[in-house]
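Right, one structure below, let's go through it.
Below, each value reflects all heavy atoms present in this structure, side chains not excepted, and no hydrogens, waters or symmetry copies.
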Amino acid sequence: MNKLIRKTTVLVASLAITCAANAETYTVCFGINKYPTPVDASGKPLKDDKGNIVSCNLSGAVNDATSMRDLLIGQFKVKSENAHLVTDRDAGVDGFVRELKWLVATAKAGDQVVFVFSGHGSQLPDKTKPSGKASVIVLADEQLVQSDFFKKFAASMKSNGVNSTFIFDSCFSGGMSRQPLRFDGADIKRVRTRSLNAMIGTSGTPIVANGQLPLSARAHLESGSVLLKGAGIVAKSRLARGSVQGEVAFLFASSDQQTSSDLEFKDPAKKSHGLFTLMLELVLSKSPSLPVGEVVTSINDFITKKTEFKQRPGTEFSSEERAKRSLVFEN
């Protein structure tokens, strides 16, 4: 019996070493600049208080997703075939479900998945939350995905031994209250908030169609549990009882009560970006092995001391040890 136990222990240890040696990283980077124009009760395009048609488009979200994918490939050696970039019209609900199902079907115990979203965020009334509101991301076809969905998705990955990291550069996640004229020595042409809670007119008056969010299809993905069940993306555990579970990291552009900032520079040679993603890339390109908790702390220090932005990035980790590891780490 003792000999059998020793053989079993050696086998399990060798399998664990093989799993770690063959570990892969898979990433999906969503970036959405182009959103439908909000309409009023009669179906006409919504206008601001100067009579201009309101645009929900962003400038830097696609650049965010593209450069994060490039960073993961270049700095963290993620295989290009393991790094999917999904932008604008492809980043609707169909593309969202397709890509998450790919992650679930592909990632195995010991692997890592990195989910990146750059685009609009919003909030919905939710009496179950302390704030009375639930944060959502807004897909390209104006479908909403609640924050609870990502918590359940992360829990599923964790129970399957997959390490997962979620990066959101969107509102509620984020915030800015004053518009600085410069950022890190560069003149800014325009700052937009990445929020669809209310479009702000030139007088500062919120513009909200029919007293509702300017979204054409609010109900389709309001329940994260519907997507979890309907898309079939909760995998059965591949791990034996007592096996090591995966680690989880969430990186947010800002707090759940703030908007995040979309920067467009006067110099056309400088690419538009979200404030948080711009800072994240600057830090990681210089120090890719820096613990991810320290990365976000350094970004907060810079924003607080060097800019007039009120946006404060945040994090959540499954353990203190995860905060001490790099964005993408070796097992």
With respect to Met157, which candidate in Val104, Val248, Thr165, Asp111 satisfies the side chain to side chain contact (heavy atoms under 4.5 Å, CB included) definition? Val104
Ser164 side chain reached by Lys158 side chain, heavy atoms, under 4.5 Å: no
In one Ile/Leu/Val/Met/Phe/Trp/Tyr side-chain cluster, 4.5 Å: Val328, Phe317: yes
Say you draw a straight line from NE2 of His273 to CG of Leu280; how long is it, rounded to the nearest 0.5 Å? 11.0 Å
When you measure from the side chain of Gln112 to the backbone N and O of Asn163, does any donor-acceptor pair fall under 3.5 Å? no
Do the non-hydrogen side-chain atoms of Thr27 and Val113 ever get within less than 4.5 Å of each other? no
Is the shortest side-chain heavy-atom distance between Phe168 and Phe115 below 4.5 Å? yes
Applying side-chain contact (heavy atoms from CB on, under 4.5 Å), run through Trp102 and Val28 and close with a yes or a no. CA-CA 9 Å; Trp102 169 70; Val28 177; 3.7 Å; yes
Is there a donor-acceptor pair under 3.5 Å between the side chain of Ser118 and the backbone N or O of Ala65? no
Heavy-atom side-chain contact between Leu263 and Phe309 under 4.5 Å: yes
Going by atom types alone, do Glu264 and Ser272 pair a side-chain donor with an acceptor below 3.5 Å? no
Restricting to non-hydrogen atoms, name the atom on Cys56 and the atom on His120 that form the minimum distance, rounded to 0.1 Å. O-NE2, 2.6 Å
Shared hydrophobic cluster for Val116 and Leu85 (ILVMFWY, side-chain gaps under 4.5 Å): no
Take atom CZ in Arg98; do more than 12 heavy atoms of anything else shown fall under 6.0 Å from it? yes
Is it the case that the side chain of Asp169 and the backbone of Thr277 share a donor-acceptor pair, with hydrogens and angles ignored and the cut-off at 3.5 Å? yes
If we ignore angles and hydrogens, is there a donor and acceptor under 3.5 Å between the side chains of Glu247 and Ser319? yes
Hey, could you give me each pair passing side-chain hydrogen bond (donor to acceptor under 3.5 Å, both in side chains) that has a residue in residues 76-88? Not counting sequence neighbours. Glu24-Lys79, Glu24-Asn82, His84-Glu99
Nearest 0.5 Å, what's the CG-CZ distance between Leu284 and Phe76? 4.5 Å
Has Ser260 got a side-chain atom pairing as donor or acceptor with Ser170's backbone, closer than 3.5 angstrom? yes
Side chain of Asp90, backbone of Gly95: donor and acceptor closer than 3.5 Å? no
Nearest 0.5 angstrom please: Leu278 CG to Ser261 OG, how far? 11.5 Å
Value rounded to 0.5 Å, distance of CG in Asn160 from NZ in Lys108: 13.0 Å
Could you pull out all residues at least two apart from Glu321 that satisfy salt bridge (charged side-chain N to carboxylate O under 4.0 Å, His left out)? Lys324
Apply the test side-chain contact (heavy atoms from CB on, under 4.5 Å) to residues Phe276 and Asp64: give CA-CA distance (whole Å), side-chain angles for both, the deciding distance (0.1 Å), then the verdict. CA-CA 9 Å; Phe276 177 62; Asp64 288 348; over 6 Å; no
Is there a donor-acceptor pair under 3.5 Å between the side chain of Gln311 and the backbone N or O of Leu275? no
Shortest non-hydrogen pair, Leu282 vs Ser285, comes out as O-OG, 3.3 Å
Taking every non-hydrogen atom, the tightest pair across Pro291 and Ala323: CB-O, 3.6 Å
Hey, could you give me the CZ/CG distance between Phe30 and Leu100, rounded to the nearest 0.5 Å? 6.0 Å
How many angstroms lie between atom OG1 of Thr25 and atom CD1 of Ile73, to the nearest 0.5 angstrom? 11.5 Å
Closest non-hydrogen atoms of Thr37 and Pro45, given as atom of the first, atom of the second and distance, are CG2-CB, 4.1 Å
Distance-minimising heavy-atom pair for Ala23 and Gly110: CB-O, 3.4 Å
Can we call the ring centroids of Phe117 and Phe150 under 6.0 Å apart? no
Side-chain contact test, heavy atoms from C-beta onward, threshold under 4.5 Å: evaluate it for Met68 versus Ile167 and give yes or no. yes
Could you check Leu144 against Val138 for side-chain contact (heavy atoms from CB on, under 4.5 Å), going step by step and ending with a plain yes or no? CA-CA 5 Å; Leu144 313 180; Val138 185; 3.9 Å; yes
Could you check if a side-chain atom of Val292 sits within less than 4.5 angstrom of a side-chain atom of Leu327, using non-hydrogen atoms only? yes
Is the shortest heavy-atom distance from the side chain of Ile303 to the side chain of Pro313 under 4.5 Å? yes
Filter on side-chain hydrogen bond (donor to acceptor under 3.5 Å, both in side chains), then keep only pairs touching residues 287-305, sequence neighbours left out; what's left? Thr304-Arg312
Examine distances only and state if a side-chain atom of Arg69 and a backbone atom of Ala83 form a donor-acceptor pair shorter than 3.5 Å. yes
Which heavy atom of Ala107 sits nearest a heavy atom of Val162, and at what distance? CB-CG1, 4.0 Å
